[in-house]
2 protein chains.
Amino acid sequence: MAKVTIQQVAKAAGVSPSTVSNVLNGRSDRMVPATRERIDKAIAELGYRPNRAARQLRNGRTQTIGLVVPSVGNPFWGAFAREIEVAAVAAGSSVLLCNSERNPDRERRYVEELWEDGVRGIILCTSLASLDYISHVIDEGLQLVTFDRPAQPGDPESVVSVSIDNHVGGYLAASHLLELGHTQIAFVSGSIQSVNRAARYRGFCSAIEEAGLSVGDMPMWTGFEALPFGDVEAAEVGRKAAHDLFTGDGVRPTAVVAINDMTALGFCRGLRDLGLTVGEDVSIIGFDDIVLADLYDPPLTSIRQPIKRMATLAMEEAVSQDGGAGSEVGRSVLLRPQLVVRESTRAPKPAKKRDAVNTTESAR
Amino acid sequence: MAKVTIQQVAKAAGVSPSTVSNVLNGRSDRMVPATRERIDKAIAELGYRPNRAARQLRNGRTQTIGLVVPSVGNPFWGAFAREIEVAAVAAGSSVLLCNSERNPDRERRYVEELWEDGVRGIILCTSLASLDYISHVIDEGLQLVTFDRPAQPGDPESVVSVSIDNHVGGYLAASHLLELGHTQIAFVSGSIQSVNRAARYRGFCSAIEEAGLSVGDMPMWTGFEALPFGDVEAAEVGRKAAHDLFTGDGVRPTAVVAINDMTALGFCRGLRDLGLTVGEDVSIIGFDDIVLADLYDPPLTSIRQPIKRMATLAMEEAVSQDGGAGSEVGRSVLLRPQLVVRESTRAPKPAKKRDAVNTTESAR
DNA sequence: TTGAAAGCGATACCAT
DNA sequence: ATGGTATCGCTTTCAA
């Protein structure tokens, strides 16, 4: 099974390489059917597959797309990466995997390298508000799709974004807790520098204030503000937050909105260290609805992102040639997140009755 | 920043492209230092980066390596993929991501396509005992590294494998439970068709029999034997196993060894559905020691795989040119797994005292 | 020690 | 409607 070239196919079909190339690239409209058939037959018989490197050298670009995520080690990004790859296969392309660890410098280097290596489109999961640091590459023609970062004013025209409406997500989360009767609700995040996180926080605030409460009264925890941190540490962030909030002097929240499920799970772990019971003593809601949310004990209430849908959309845009111009969805797709209620969120318990309640629980 | 070619570098340095190419490929030994310096300077000043496509077209191969995992959506594979990518960056290569979903046919297609697209080495995480289905590609020169699948008799010479010693792992898991005093230990797996899973099971059996017990007496659950299934469903497998084992007629185990952490977590979830308490009523130990194991409630005892180490080794072999011949480790690297004891495993409780024990628990 | 030139495989322009 | 051919950027004999 030595490699077959277009020349051999041409010879076998009794035509020139140019003609074979034409059918390969879908330019067989005004072609004598017989010729086309001979070529198709030759291709099939010889098991011909065009050489990617040669194509790329000639055309300048590949079918490969780049995927830059904070870290596939984080279950959410892992799940997303998987869906992206599935979508890629369907679209006939391959996926080059890159972990930025949320380091802007690495992000930039990845994007530049991918571009120089001939990648057509890149799906970038970034926390950065401005795309200036890679605008030169975008200007040169890179098809950039940002995920989990809605289009921002000032973004280059050609950039497309796919994301959930994080404001709605934050709002849903807070509202759910409010409806359960909580009035001391903490917002926990490692940092809210990123566009999406800030949006979640704003949505959270909207709900709080709409309920007639003051955000200023809520215990908030956004440690490590200054530190850049990867996504695997998300759980650590949550754990630390739990310790800080429940051993410090401030008001103790009866419920918390965590910036994502890993942080929420870490928070649960922290609560446990302190002898507190999730759901029982403190309600928790996360974001993403990773597989583990449903597996956890108690199962975690979360704001679900429609990952598969988002991956499909992102892929479509990444392989599109027209800078999203022909897309039905427009430059910025904002999908609606969904509240998934499980057992980590309940009505706040009447004070001073923990033991009694606990007994009831055990007997369940 | 238009693209710079080797020609321009040559002109700038006042030499021929051949000479530049020579320094690029480390053949500057017997070169007049001055020439070398001029070239280095030109490269730096022009910001020259060799064109991958051209190189590949000429050489036939890329720096890219292929990574074929069951599914990066599974936290274990996600974590592994991340470490692989980190190692790849260090080695100057890129990673093409492929999800096989444990489908042999997809595996084969991926490997063939990667090879045809010029990939040099592939890190393949397969459950298949025989490599026959891709031996033609290996014969053509593919540098194959199998992960989580030790070398098998009959494997082509050039194949290298990196894996933990699963037999030891299974043995450690069972021994731990035995030492705690358990005598009814179930082995739970979706299928033990794969090489590594079978090894874990055999290790498990060794420990059981060494303890003077009979494996035949142990409740075993290996449902879905016939069904091919991906790795995301692992949790479902565990959950179903819990239901089957604790609602069926057979003996109820007091402890279980799950084939991996996801299955273990699913099992925990299933136990919870039935009103049973992990650690308390049933001890559970998993494999892999994913991040979530420590986060879970109760934290899951597990057999840890030294992922980072393994990724580094796998990468080294994947980019090596000599079919592992020059490697210090040899064809098959078998690392030692490590038992990480947490709270999901305890001594079996004396029968008929669940309520009392529970109360104690709540007060902790 | 360095250079000239052929060629890897596919494409697209320009002919016919 | 099809074919000839230069070209993409790099590497590697072979000569000098």
Side-chain angles (χ1 to χ4, degrees), chain A residues 1-40 42-43 46-64 92 115-120 140-141 321, chain B residues 1-40 42-43 46-64 115-120 141 321:
Chain A
M1 241 246 222
K3 60 186 161 245
V4 186
T5 75
I6 200 173
Q7 320 280 349
Q8 304 178 33
V9 175
K11 190 168 298 176
V15 296
S16 81
S18 326
T19 309
V20 179
S21 174
N22 280 335
V23 345
L24 248 37
N25 296 58
R27 279 183 297 262
S28 47
D29 329 328
R30 47 193 119 189
M31 189 174 277
V32 170
T35 312
R36 212 221 125 101
E37 278 161 25
R38 284 210 317 283
I39 295 176
D40 284 341
I43 290 179
L46 277 64
Y48 168 72
R49 281 197 22 149
N51 178 312
R52 285 200 181 201
R55 271 195 164 162
Q56 178 178 351
L57 179 57
R58 181 63 230 226
N59 298 337
R61 302 279 113 202
T62 349
Q63 283 306 314
T64 307
W115 176 246
E116 283 180 11
D117 289 346
V119 154
R120 224 182 245 295
E140 287 171 19
Q321 316 264 8
Chain B
M1 239 244 221
K3 61 188 161 242
V4 186
T5 76
I6 201 175
Q7 319 280 349
Q8 305 177 32
V9 176
K11 190 168 299 173
V15 297
S16 81
S18 327
T19 309
V20 179
S21 173
N22 279 336
V23 345
L24 249 36
N25 296 58
R27 279 183 298 262
S28 47
D29 330 330
R30 47 193 121 188
M31 189 174 279
V32 170
T35 312
R36 212 221 126 101
E37 278 160 26
R38 285 211 314 285
I39 295 176
D40 284 341
I43 290 180
L46 277 61
Y48 169 72
R49 281 196 23 150
N51 177 311
R52 284 200 180 200
R55 270 196 164 161
Q56 179 178 350
L57 179 57
R58 180 63 230 230
N59 298 336
R61 303 278 112 201
T62 348
Q63 282 307 315
T64 306
W115 176 245
E116 284 180 9
D117 289 346
V119 155
R120 227 183 242 295
Q321 315 264 7

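All chains are named by letter (A, B, ...) in the order of the sequence lines, taking the proteins before the strands, and each is independently numbered beginning at 1.
Across the protein-nucleic acid pair, B:Gln7 atom CD and C:dG3 atom P stand 13 Å apart, rounded to whole Å. Spacing between atom CG of A:Leu57 and atom P of C:dT11 amounts to 11 Å, rounded to whole angstrom units. Look at CE on B:Met31: it is 12 Å from C1' on C:dG3, rounded to the nearest Å. D:dC8 atom P lies 16 Å from atom CZ of A:Arg61, rounded to whole Å. What separates CZ of B:Arg27 from P of D:dC10 is a distance of 14 Å, to the nearest Å. We find that CZ of A:Arg52 is positioned 21 Å from P of D:dG9, with the value rounded to whole Å. If you measure from atom CG of B:Leu24 to atom P of D:dG9, you get 15 Å, rounded to the nearest angstrom. Straight-line distance from the CD atom of A:Gln56 to the C1' atom of D:dT7: 16 Å, rounded to whole Å.
Using a distance-only test at 3.5 Å, with no hydrogens or angles considered, no donor-acceptor pair links the side chain of B:Glu116 to the main chain of A:Arg52. Under a 3.5 Å cut-off, the side chain of A:Thr62 and the backbone N or O of A:Gly118 do form a donor-acceptor pair.
For the pair A:Arg120 and A:Trp115, the NZ or CZ position fails the cation-pi test of under 6.0 Å to the six-membered ring centre and within 45 degrees of the ring normal.
Contact between the side-chain N/O atoms of A:Arg55 and the OP1/OP2 oxygens of D:dC8 is not found at any separation under 4.0 Å. Contact annotation: B:Thr19 side-chain N/O to C:dG3 OP1/OP2 distance is under 4.0 Å. In this model, the phosphate group of D:dC10 is not approached by any side-chain N or O of B:Asn59 to a distance below 4.0 Å at OP1 or OP2. Residue B:Asn25 has a polar side-chain atom (N or O) positioned under 4.0 Å from OP1 or OP2 of D:dT11.
Nucleic acid contact for A:Gly14: sugar-phosphate only, since backbone atoms but no base atoms lie under 4.0 Å from a heavy atom of the residue. Nucleic acid contact class of B:Val15 (heavy atoms, under 4.0 Å, all strands): sugar-phosphate only. Nucleic acid contact for A:Thr5: sugar-phosphate only, since backbone atoms but no base atoms lie under 4.0 Å from a heavy atom of the residue.
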- So A:Ser16 and A:Thr19, side chain to side chain donor-acceptor pair (under 3.5 Å) or not? Walk me through it. CA-CA 5 Å; A:Ser16 81; A:Thr19 309; 3.3 Å; yes
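The CG atom of B:Asn22 sits 5.0 Å away from the CE atom of B:Met31 when rounded to the nearest 0.5 Å.
The nearest heavy atom of DNA chain C to B:Arg58 and to B:Ser18 marks one nucleotide each, and the one closer to the 5' end goes with B:Ser18.
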